[in-house]
Trainee: 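The structure under discussion is supplied below as structure tokens; questions concerning it will follow.
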Amino acid sequence: MMTPVSAQAAAAGAGQFGDTTYTKVFVGGLAWETQKETMEKYFEQFGEILEAVVITDKATGRSKGYGFVTFREPEAAMKACVDAAPVIDGRRANCNLACLGVQRSKPSTPKHGGGGGRNNLRLMSTFQNGGFGGTTFPSTAAATFPHYAIQQ
């Protein structure tokens, strides 16, 4: 059975699964009634799931409308993010690798001379060069996952 985790621990990627930098997917825009079982059912098509959580308010126990899915393999997490706006529980959600932080639907104007997109470009370079866990992604990763190359 999976145990709930705090939003801070989930966002930090710390915990029982080791380094989840490339295996944890943020899922936002969930319907208030969406349960972790519903997320598991949707995301299991991409690969083995280690954990799925819907983040809830500590005081009320109600969903905050977002959660996380942690996969065993980075490839599964990447496949899960190909559709950045999946329909889960009848509602259009949004998902991306949790390590990328909040992804906006429109690129924002860079502040103070730009440079805001360097992290995403560095991440794409890591994917292309096989820089994590010996896993390599094809050089077409930017074409396959264009929403990861969007400058913030």
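Residue numbers start at 1 and run along the sequence shown.
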Trainee: If we only count heavy atoms from C-beta on, is the Phe71 to Ile49 side-chain gap below 4.5 Å?
Mentor: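 Yes, side chains in contact.
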Trainee: In Å and rounded to the nearest 0.5 Å, what is the CG to CD distance from Asp89 to Glu37?
Mentor: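 Rounded to the nearest 0.5 Å, the CG-CD separation comes out at 11.0 Å.
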Trainee: Working to the nearest 0.5 Å, report the span between OG1 of Thr56 and NZ of Lys64.
Mentor: 8.0 Å
Trainee: Listed by chain and number, what are the ring pair (Phe, Tyr, Trp, His ring centres under 6.0 Å) partners of Phe46, not counting sequence neighbours?
Mentor: Tyr42
Trainee: side-chain hydrogen bond (donor to acceptor under 3.5 Å, both in side chains) with Glu48: which residues, sequence neighbours excluded?
Mentor: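 Testing Glu48 for side-chain hydrogen bond (donor to acceptor under 3.5 Å, both in side chains), a comparison that skips the adjacent residues, returns Arg72.
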Trainee: How close do Met39 and Ala52 get, counting heavy atoms only, and between which atoms?
Mentor: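 Closest pair (atom of Met39, atom of Ala52, distance): CE-CB, 4.4 Å.
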Trainee: Which of these passes side-chain contact (heavy atoms from CB on, under 4.5 Å) with Val27: Val69, Asn96, Ile55?
Mentor: Val69
Trainee: Could you walk me through whether Val53 and Lys36 pass the side-chain contact (heavy atoms from CB on, under 4.5 Å) test, one step at a time?
Mentor: CA-CA 5 Å; Val53 294; Lys36 69 176 185 168; 5.8 Å; no
Trainee: Considering all heavy atoms of both residues, which atom of Ala76 and which atom of Gly47 are nearest to each other, and what is their separation?
Mentor: CB-CA, 3.8 Å
Trainee: Could you measure the distance from the CD atom of Glu40 to the CD atom of Gln45? Nearest 0.5 Å is fine.
Mentor: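 Glu40 atom CD to Gln45 atom CD measures 13.5 Å (nearest 0.5 Å).
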Trainee: Under the side chain to side chain contact (heavy atoms under 4.5 Å, CB included) test, which residues partner Ser63, sequence neighbours left out?
Mentor: Trp32, Val54
Trainee: What pair of heavy atoms forms the shortest contact from Thr23 to Glu73, and how long is it?
Mentor: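 Heavy atoms only, the tightest pair is CG2-C, 3.8 Å.
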Trainee: One pair to check against side-chain contact (heavy atoms from CB on, under 4.5 Å): Leu97 and Met78. What are the steps and the verdict?
Mentor: CA-CA 8 Å; Leu97 286 178; Met78 292 298 291; 3.7 Å; yes
Trainee: Find the distance between CZ (Phe43) and CD1 (Ile88) and round it off to the nearest 0.5 Å.
Mentor: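 Phe43 CZ to Ile88 CD1: 4.0 Å, rounded to 0.5 Å.
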Trainee: Determine the minimum heavy-atom distance between Ala93 and Leu30, stating which atoms define it.
Mentor: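 Looking at all heavy atoms of both residues, the shortest contact is CB-CD2, 4.5 Å.
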Trainee: Can you name the side chain to side chain contact (heavy atoms under 4.5 Å, CB included) partners of Arg91, sequence neighbours left out?
Mentor: Ala31
